[in-house]
Amino acid sequence: MPKVHILPERVANQIAAGEVVERPAAVIKELVENSLDAGATRIEVEFRQAGRELLRVEDNGCGMSREDALLALERHATSKIAETADLDRLGTFGFRGEALPSIASVSSFTLQTRAENTDAGTEILVEAGRRARVRDCGRPVGTSVEAARLFHPVPARRKFLKTDATESAHLVQCVRLYALACPRVAFTLIDDGRVVFRSPQCETLAERVGEIFGRQLAERLLPIEAREGGLRLSGLIGRPGEGRSTRHELMTFVNGRPVDSRTLNFALLEGYRDSLPEGRYPRAILFLECDAAELDVNVHPAKREVRFRREDQVRGFVIRSVLTRIREMGADLAGTMMGGAVSAKAAAERAGLGEAASIHGIPGSAFARSSAGGPVSEKVAPARLGEAAAAFGMAAAGIGSAFAKASADEAQGINATREARVRTWKFLGTAHDLYALFETPSGIVLLDRRAAHERIWFERLRGQFAAGRVPGQRLLLPVPLELEPISAAILLDSRPFIEAHGFEIAEFGANFFRIEAAPEWMEPADAEPFIRDVLGELREGRLAPGKLDLARDELARLAVSRAMRLPAAGGAGEMEALVSQLFATESPLVSPGGRPTFVEIDRAELARRFQRA
Ligand code: ADP
Ligand code: MG
């Protein structure tokens with residue numbers, strides 16, 4: 001039997017380094033955290049050859065005495081906590097006391113530091129975990145740490161590094177995250193001698209976003225702010241309909257710490273579910289603040305993950321806050337774009353005076369018939385928000401409905417302002433039959449007629465479904481429907497659901513049916529393919545009549561995308577009426593499938609394109 005022995009400190013550090021610093025970006029993360037913990041207001045980060053050659057972080061923080069600096073390189077040496085209970089009131093990024101010795105054990109490491117009120121600084125050189133030299137050095141108050149030739153003492157680790165492009169991307173992303181977390185600290189990032197970004201101290205997060213991602217992005221994001229029971233949410237989120245193909249622009253922070261939190265990511269995606277197409281991710285820079293005792297940060301050696309003690313509470317809070325904000329965005333826009341003549345009409349519609357709409361020559365009587373245009377937003381939205389709350393373990397009778405009530409009040413307020421504004425979209429023409437062009441005070445707008453039409457009808461149908469009144473039409477010629485056995489069985493099972501939504505279907509013979517009535521809004525010729533689509537969705541489980549509210553949403557979504565014909569493009573009257581109908585909906589910015597309903601190009605952008613100074 002081999003003899004048991006304690007590992008030498010240097011080996012233990014190299015092993016720990018495997019978890020704490022698995023790649024160059026992780027080294028930078030630890031060093032930047034140390035600088036922030038030291039109270040720095042200026043941090044400079046430099047790397048060369050994707051961090052293989054050199055990683056350097058320099059700060060103007062409090063610095064260290066020689067004694068402290070020597071101690072800091074020992075394993076489990078920290079100035080930040082003294083006992084485990086301190087983790088419940090943690091106010092620093094670091095607490096494990098592992099970073100410096102780990103980094104020093106796998107690189108050629110140089111620490112230079114000077115504390116206030118000391119004459120000389122200290123320089124310590126460590127070569128692959130062996131202390132090589134300690135001497136005086138001149139430097140301003142603060143600390144500089146260099147890790148050169150990372151992982152050279154453990155060549156196997158070098159092989160795990162990805163391409164330079166990948167490692168550099170991780171490095172840049174890492175520094176950006178801390179720059180966002182601490183806008184009041186000036187940050188500089190240098191890659192092979194080239195400045196990636198240099199941001200002075202910023203007053204606000206939005207300013208910092210502009211500094212490191214560019215003004216244009218900063219302007220596309222909108223602030224969010226919410227509080228509830230000891231939780232606070234703040235930051236910037238993207239507009240509905242403006243999604244990304246990856247999650248890279250979804251950044252979350254908990255108590256100031258950049259984290260990868262499944263809870264927060266899930267809640268964000270859930271909040272945007274109806275506002276983005278499937279497979280698209282929202283943009284967000286989201287900060288959650290909570291009591292330190294509600295949080296476990298010691299889940300991951302690199303402190304990347306956190307765990308919430310009351311996960312349901314956090315999740316519900318974030319979902320509701322995001323939903324509310326998205327709804328406000330739509331209402332804000334509606335407020336600036338609507339009013340005057342249109343709002344009189346909207347009011348008339350709400351009062352059930354459908355004729356007001358037909359004066360504007362909307363084709364068919366469809367728009368005029370529906371007095372649902374207005375009320376849908378008031379009735380449906382709060383119920384849905386309440387639903388989301390209930391789904392996440394909120395007592396529906398308590399928080400959920402209180403919230404629903406608040407939303408209803410708020411919706412009325414919004415309508416009042418909407419009516420006070422002057423409508424400002426001027427119709428110019430239609431392109432490719434699909435895009436309606438408008439001039440607005442701030443630029444031009446291209447409206448996707450199909451997306452707008454789908455949104456309006458989606459909410460109208462949802463209103464009809466919820467009210468249980470779906471006007472149907474008897475078909476002059478019943479449409480025969482022959483199905484294969486599984487679809488036939490599904491149809492028989494779900495006939496009550498289908499018939500509750502405007503259809504009548506008679507069975508006559510095995511696998512043979514006849515559609516005898518279809519919803520009024522539908523072209524009779526579309527009834528059969530639509531029923532087949534519905535059966536397909538039922539079969540795949542995307543439509544599940546068991547959850548009635550969700551099933552109705554899904555049915556309405558299917559109806560507008562598959563069976564709703566787009567009327568021919570009309571003149572100014574029709575198009576402006578379409579806009580007013582759109583802005584009377586709950587979510588005017590996106591189609592039910594999450595696509596944007598319109599794109600605005602502002603005058604600054606136009607001037608830029610035409611190179612006007
Ligand atoms: P931790 O951050 O978990 O305490 P580290 O190994 O990262 O562990 O750092 C050890 C200690 O060294 C810190 O607790 C801190 O007192 C000191 N230290 C590290 N970096 C700096 C710095 N840039 N400025 C001042 N003190 C520092
Ligand atoms: Mg640290």
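Quantities reported herein were computed from a predicted structural model and do not represent experimental measurements. Both ligands and their constituent atoms are indexed starting at 1 by order of listing.
Closest to atom 8 (O) of ligand 1, if we only count protein heavy atoms, is G97 CA, 3.2 Å. At the top of the distance list for atom 22 (C) of ligand 1, counting protein heavy atoms only, stands T143 OG1, 3.7 Å. Nearest protein heavy-atom contact of atom 4 (O) of ligand 1 is T78 OG1, 2.5 Å. Closest to atom 20 (N) of ligand 1, if we only count protein heavy atoms, is N34 CB, 3.2 Å. Here the protein heavy atom with the shortest distance to atom 10 (C) of ligand 1 is A77 O, 3.4 Å. Atom 23 (N) of ligand 1 has its closest protein heavy atom at D59 OD2, 2.9 Å. Looking only at heavy atoms of the protein, atom 25 (C) of ligand 1 is closest to A38 CB, 3.5 Å. For atom 14 (O) of ligand 1, the nearest protein heavy atom (residue, atom name, distance) is S79 N, 2.9 Å.
With 2.8 Å as the limit, N34 counts as an N, O or S neighbour of the Mg ion (ligand 2).
Contact between R257 and T92 at its shortest, heavy atoms only, is NH2-O, 3.1 Å. Nearest heavy atom pair, residue A120 against residue R114, reads O-CG, 3.6 Å.
By the criterion of a heavy-atom distance under 4.0 Å, neither the backbone nor the side chain of F93 is placed next to ligand 1.
Listed for the S107 side chain is a donor-acceptor partner under 3.5 Å among the backbone atoms of I103.
Considering each of K80, M64, R75, E33, the one bringing a non-hydrogen atom nearest atom 13 (C) of ligand 1 is K80.
In this structure, F93 has its ring center under 6.0 Å from that of Y178.
Considering CD1 of I43 and CG of L189, their distance stands at 12.0 Å, rounded to 0.5 Å. Considering CD of Q49 and CD of E167, their distance stands at 13.0 Å, rounded to 0.5 Å.
Under a 4.0 Å criterion applied to the non-hydrogen atoms of G94, ligand 1 contributes the atoms 2 (O), 3 (O). Atoms of ligand 1 found under 4.0 Å from any heavy atom of A99 (numbered from 1 in listed order, with element): 6 (O), 7 (O). Taking every non-hydrogen atom of A72 and a distance limit under 4.0 Å, the qualifying atoms of ligand 1 come out as 11 (C), 12 (O). Atoms of ligand 1 lying under 4.0 Å from any heavy atom of R96, numbered from 1 in the order shown and given with element: 3 (O).
Between V57 and the choices I28, T143, V175, the side chain to side chain contact (heavy atoms under 4.5 Å, CB included) rule is met once, by I28.
Between R48 and E53, no side-chain nitrogen of the basic residue sits less than 4.0 Å from a carboxylate oxygen of the acidic one, so the salt-bridge criterion is not met. Ionic pairing of E211 and R208 is not present here: no N-O contact between side-chain nitrogen and carboxylate oxygen is shorter than 4.0 angstrom.
Taking any N or O of L100, backbone or side chain, at least one lies under 3.5 Å from an N or O belonging to ligand 1.
For R157 and F151, the positive end sits near the middle of the six-membered ring, less than 6.0 Å away and at most 45° from its axis.
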